[in-house]
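Read the numbers this way: they start at 1 and go in the same order the structure lists the ligands and their atoms.
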Amino acid sequence: MTALADLSAHDLADRYARASVAYDAFRARGLTLDMTRGKPSPEQLDLAAGLLALPGSGDHTTASGEDARNYGGLQGLPEVRALFAGPLLGAGPEQVVVAENSSLAVMHDCIVWAMLKGVPGSERPWSREEAPAFLCPVPGYDRHFALCEEFGLRMLPVPMTPDGPDLEVVEALAADPTVKGLWCVPKYANPSGEIYSAETVRRLAAMRTGAPDFRLFWDNAYAVHHLTGTHHAVPDILPACAAAGHPDRAFVFASTSKITLAGAGLAFFAGSVDNVRWYLARAGRRTIGPDKLNQLRHLRFLRDEAGLRAHMGRQRDLLAPKFAAVTEALDRHLSGTAVSWSRPEGGYFVSVDAGIGTAERIVALAAEAGIGLTPAGATFPYGNDPRDATLRLAPSYPSLAEVRAAAEGIALCILRAAIEAERAGRHEPGPNA
Ligand code: PMP
């Protein structure tokens, strides 16, 4: 297909007319489709139906003979830590804490405690620093950015590269002592799917930081969430930091929200001996102990690492066709345009770079056609995408038929906006001509 930029004014107008007819026909179908958030579908949750009957009446004794119904066990059952420590956190079981159901809540607590108390290595609480800041790879996870905004951490955007955050920028900014942390989703990044390279991990662990209490907030949300037969590996951050002489640099987070049940899974924190001691000292003020029956339930259900991997294979069987449907529609409608999109090999999102000044327009066109998209700008600090170009597509929740329909509609919206932008760039009649 001829690139939009190479079309004559006449052919471009013709292309626009055809794109508009296709869009209008789609809109006339009167569908209601939601591609806004990366929620597991009911079918994915059904895969964990067996959990609801576990551990079962009478099964409440842990490996060491404790009664899981009672208070206590702040760090989590050792047998549960042993199951998840390697695959989700790249840590030893003694470096892991099992929290309640949400890793976002664990991140929230770490930020609040850092602000109020400081972390190991802090000279003072972060809130008493002059304008503390976090480095935010963009596009990134909107809820990470919301945490920073909530607690007054300045956000400094860092461009992503296919290998992870741009290290030249990270290293330059991290030299500033007011920079306290860096958000990282090292595997199948939210939203653009990047996988950090070994060199990225090594340099993040080794770099010089201005703040002695700098932390990598290593959110391993998609550690085992593969969409292809290639199970990509990222070097474990905790040993990398220890080897580089910065054993306390990383706080590692993960959960089973997108393994078992999004609202009733297990969340984890992992870190160095000092970081785990710090975390438990704070957590012990907050709770007398976590829900250990849910821990036992997960252990009984998944059993071992092989059980965990087999379960993720069933998740992949449900998810991969939905991602393929999105890619297929984008390929079919948008090849030959300057629009680009991720082809994630894991995780929950497709990210589209639709071209400067188009994202808000596309979200509005999609809304008119009955498709809910994540607001333009959501994947940037303060909701501000300076290029107004990035869209996040979340195909997990709707049925495959709905994803196919939504992908078709979204591709038509993007195409229409791309032609409008091309014509506006040439000062030709715009959308209402
Ligand atoms: N981190 C990332 C990168 C995510 O994409 C998500 C869910 N969308 C979360 C954390 C939330 O995890 P949890 O359910 O454990 O709070």
Check ion pair [X]-[Y] (N to O, under 4.0 angstrom):
X: Asp109; Y: Arg282; answer: no
X: Asp142; Y: Arg392; answer: yes
X: Arg332; Y: Glu408; answer: yes
X: Asp331; Y: Arg343; answer: yes
X: Glu168; Y: Arg203; answer: yes

Examine the proximity of ligand 1 to [X] and report which part, side chain or backbone, both or neither, has a heavy atom under 4.0 Å away.
X: Ser103; value: both
X: Ser102; value: both
X: Asn190; value: side chain
X: Tyr348; value: neither
X: Arg143; value: neither

Minimum-distance protein heavy atom relative to atom 1 (N) of ligand 1: Asp219 OD2, 2.5 Å
Shortest protein contact, atom 8 (N) of ligand 1 (heavy atom only): Lys258 NZ, 2.9 Å
Point-to-point distance, once rounded to the nearest 0.5 Å, from CZ of Phe217 to SG of Cys136: 11.5 Å
So if I count the atoms of ligand 1 from 1 in the order they appear, which ones are less than 4.0 Å from some heavy atom of [X]?
X: Ser257; result: 13 (P), 14 (O), 15 (O)
X: Ser255; result: 13 (P), 15 (O)
X: Ala221; result: 1 (N), 2 (C), 3 (C)

Sub-4.0 Å heavy-atom approach of Arg37 to ligand 1: no
Ligand 1 contact by Phe253, heavy-atom criterion under 4.0 angstrom: no
Tyr382 side chain reached by Cys148 side chain, heavy atoms, under 4.5 Å: no
From Tyr222, Phe217, Tyr141, Trp183 - option closest to atom 5 (O) of ligand 1 by heavy atom: Tyr222
Tyr188 vs His226, side chain to side chain donor-acceptor pair (under 3.5 Å): CA-CA, chis, key distance, verdict: CA-CA 8 Å; Tyr188 309 135; His226 314 288; 2.7 Å; yes
Steps toward side chain to side chain donor-acceptor pair (under 3.5 Å) verdict (Thr36, Asp34): CA-CA 6 Å; Thr36 55; Asp34 183 356; 2.5 Å; yes
